[in-house]
Amino acid sequence: MKRLMFWVLPAVLLLSGCWDELVFRDIQVVTMAGIDGNKDEVTVYYGFPELLDSQPVPQSLESKGRTYSEARNTANERSDEVLDLSYLQVFLISEEAAKHRIYDFMDSFFRVPRNRVTGHMAIAQGDMKQYFDNPGSSGAPKNESETFGKKIDTFHKYSLSTMYDLQQVCTILFDDGMDLSLPVLKIEEQTGEPELAGTGLFSGMEYTGEVLSLDEGRLLAMLKKETGTILRLNYDVEVEGEKTPIQIEIISNKQKIKIKGEHVDIEMRIKAEVEEFAHGAVYKNQKQMDRLGKELGKLVEEDVNKLIGKLQEAESDAIGIGRRVRAFHHDLWEKAKWSETYPSLEIDASVELKIERTGILE
Amino acid sequence: MKIRITQTQLFLMLFIVQTGTVFISFQAPLIRVAGSDAWLVFLCLGLLFPLHLWLFERFIDRFIWSKPVCVLYGLYWYFICSSLIGKTVYTLNVWAFPETPMLLVIALMTSVLLAVVLSKPTTAINLGVILIPLILIFVLFVSLAVNDLIWTNLLPVAHLSLSELQKALQPAQLPFVGIELYLLFRLLLPEKVSFRNLAIYSSIWLAFFMYMLIFPLAYFSLKEFDLFPDPIMYLLKSQEVTFVERLDLFFIYIWLAWSIVTVCIYAFAVVRLLTLMGIANYKKHAVWMAVIFIFITNTMATKSAVEMNAILIPYLHTVFAMAIPAFIIISNQMRRRKRTGEGASG
């Protein structure tokens with residue numbers, strides 16, 4: 001009897017879940033959310049699949065409030081079912097909203113235990129409504145979070161920008177030694193499809209409005225060592241007196257960041273594969289290859305330095321140099337607020353590029 | 001019948017008691033005060049742990065369980081049990097079961113506790129065994145975050161002022177709570193415990209808590225610790241795995257089992273005190289204590305009580321794990337009194 005009680009009693013504990021049972025028919029599973037507005041008025045958009053004739057059809061709901069919580073509450077009051085964010089896959093924030101302290105919009109998404117924090121986050125250019133209602137070129141509604149989720153996965157796979165989920169975004173927002181950079185989406189006018197416009201830079205908790213191009217986004221991902229599986233760069237190199245387009249794929253990227261006083265040296269050692277090159281003459285001998293590697297290295301170095309200049313101008317330490325300074329150069333860290341020290345630093349990048357292999361054309 | 005345990009059983013009970021419940025929540029208050037120095041503060045304090053155990057072992061015969069001492073420790077452990085269950089139920093309520101009546105959860109947990117106390121002593125002694133695979137699974141879950149750790153978060157170190165260090169020492173003591181149980185459980189062990197074994201146990205204990213501290217510290221930014229009290233839960237929530245949607249909910253059941261076993265061992269210790277005091281029919285007392293326990297714990301399962309207990313327990317720990325044992329051992333050493341027999345002296 002006692003033995004039976006010993007096993008039965010702990011099992012009884014599991015019954016406590018009965019009070020908190022949530023039946024799928026009573027909830028609306030929100031897979032995509034968007035925030036637009038400013039600190040005085042927030043418009044929230046929810047995208048969710050609804051079953052119509054046994055087929056999931058993307059639907060959306062919009063509501064306004066003074067804060068996100070108020071807007072969400074209004075949305076709940078207008079919805080037939082309880083809005084459930086435990087399966088949130090994509091979280092979009094408009095450029096206007098992102099220019100304010102974005103954590104204020106995100107707190108509820110982040111801290112409510114039931115909400116999912118592994119969904120992708122991106123900045124949306126233009127009217128937020130079109131991301132939820134846009135019919136797309138094929139006429140089918142494109143507000144499925146899956147469409148956006150897959151797009152963002154592809155951007156990451158090709159290292160087109162830096163990608164973070166809600167948890168990572170919050171960690172960076174609260175980190176004084178690093179600034180956030182997020183992919184910026186736009187709706188392509190002709191096709192109605194969501195596209196990547198570039199990488200948006202943040203300074204502290206606010207979006208600067210500065211958007212890096214796709215090429216700069218790739219370099220930023222490389223500098224941050226947050227590349228996806230593929231990172232390709234395109235350059236024009238001079239071969240036999242003629243400008244020739246060449247594509248390289250980064251195989252490995254090693255970095256050393258040296259800080260001396262207020263001077264930062266970023267030494268990059270890149271191994272790359274030549275993906276495309278119309279002039280077979282380049283592969284004549286090792287000397288030719290080394291010359292090409294050097295030339296490419298210079299071009300990458302030039303672009304990286306331009307990018308760093310742009311980051312400093314935007315007062316955005318998206319690379320996270322501040323993390324190293326805080327850890328290893330505390331005097332410099334303590335000198336002033338990092339957001340004030342960072343733009344005045346002398347940062348130089350040097351790139352040593354070696355062509356490791358020549359891919360399909362060899 | 002005399003109860004005898006092995007050294008493995010002793011250390012397993014001690015490990016469960018010391019880790020259960022607090023391992024998810026001791027990080028936030030420590031990191032809030034000590035920042036990146038938190039791991040160093042805890043490491044330095046943790047290195048004293050084997051010494052503390054060795055002192056208990058060395059002077060075990062001088063620590064005499066008199067009746068007033070038994071009553072004092074009984075009340076202390078009763079309070080610890082109540083605050084641990086209070087914390088567990090409060091966390092469950094916020095995290096997983098917001099609609100389930102807390103009193104019911106407490107009553108169910110207490111009934112498990114009572115069932116263990118009323119059954120054979122070996123039940124409580126060996127109960128920790130079921131947690132061994134769960135602990136390994138849990139450590140594996142936490143390890144999933146390894147690629148997202150920012151190691152520079154652990155630096156700089158040694159930048160704390162003396163007053164900050166003093167403040168940091170308070171939450172840093174939470175993982176040490178329960179060490180005084182060694183004085184009681186050691187009575188069940190016939191042989192001496194070597195320093196080597198004490199050091200091995202201390203190393204496992206220290207490695208576990210350093211792991212639990214370093215992972216959240218390197219995973220989150222320092223300011224995030226102001227936002228949530230249980231970083232391990234958030235760390236697990238941030239992990240995406242294919243076999244379960246919410247890793248944190250999966251973990252919460254492991255933690256629930258861990259907490260229940262912890263409290264069962266504390267309850268077993270209280271029952272041992274009753275028998276030391278010569279109360280033969282402890283079962284009747286145990287039932288009444290359990291009924292009162294439900295109502296006391298219900299008042300402990302609130303935000304303010306949980307926060308207050310987190311502040312109060314380190315002070316109580318200083319009294320019951322250091323001050324009282326030191327006082328008893330020194331006074332008995334001076335009077336050349338030694339423990340004789342198994343019962344409590346008057």
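Here the structure is a predicted model, which means the values were calculated and not measured.
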**OP:** Just give me the residue among B:T152, B:L227, B:V157 that pairs up with chain A most often, heavy atom to heavy atom, under 4.5 Å.
**Re:** B:L227
Subject >> B:I150, part contacting chain A, at a heavy-atom distance under 4.5 Å >> reply: side chain
**OP:** Could you tell me the separation between the CZ atom of A:R326 and the CG atom of B:L155, rounded to the nearest 0.5 Å?
**Re:** 9.5 Å
Original post:
Looking only at atom types and distance, does a side-chain atom of B:K237 sit under 3.5 Å from a main-chain N or O of A:N115, one as donor and one as acceptor?
Top reply: yes
Original post:
Is the closest side-chain heavy-atom distance between B:E240 and A:Q167 below 4.5 Å?
Top reply: no
**OP:** Mind checking the OH-CD spacing from B:Y219 to A:Q168? Nearest 0.5 Å is all I need.
**Re:** 6.5 Å
Subject >> Flag if over 12 foreign heavy atoms under 6.0 Å of CZ, B:F295 >> reply: no
Original post:
What part of B:A96 gets closer than 4.5 Å to chain A, counting heavy atoms only: side chain, backbone, both or neither?
Top reply: backbone
Original post:
Going from CG on A:D176 to CG on B:L222, what distance comes out if it is rounded to the nearest 0.5 angstrom?
Top reply: 8.5 Å
Original post:
In Å and rounded to the nearest 0.5 Å, what is the CG to CG distance from A:D165 to B:D148?
Top reply: 8.0 Å
Subject >> Heavy-atom contact with chain B under 4.5 Å, split by part of A:F110 >> reply: both
Original post:
Do the side chain of B:Y234 and the main chain of A:R111 share a donor and acceptor less than 3.5 angstrom apart?
Top reply: yes
Subject >> Within 6.0 Å of CG in B:L162, more than 12 heavy atoms from elsewhere >> reply: no
Subject >> A:K225 atom NZ: more than 12 heavy-atom contacts under 6.0 Å >> reply: yes
**OP:** Look only at the side chain of B:S221 and the backbone of A:I172, and say whether a donor-acceptor pair between them is shorter than 3.5 Å.
**Re:** no
Original post:
Are more than 12 heavy atoms from other residues, nucleotides or ligands located less than 6.0 Å from atom NE2 of A:H263?
Top reply: yes
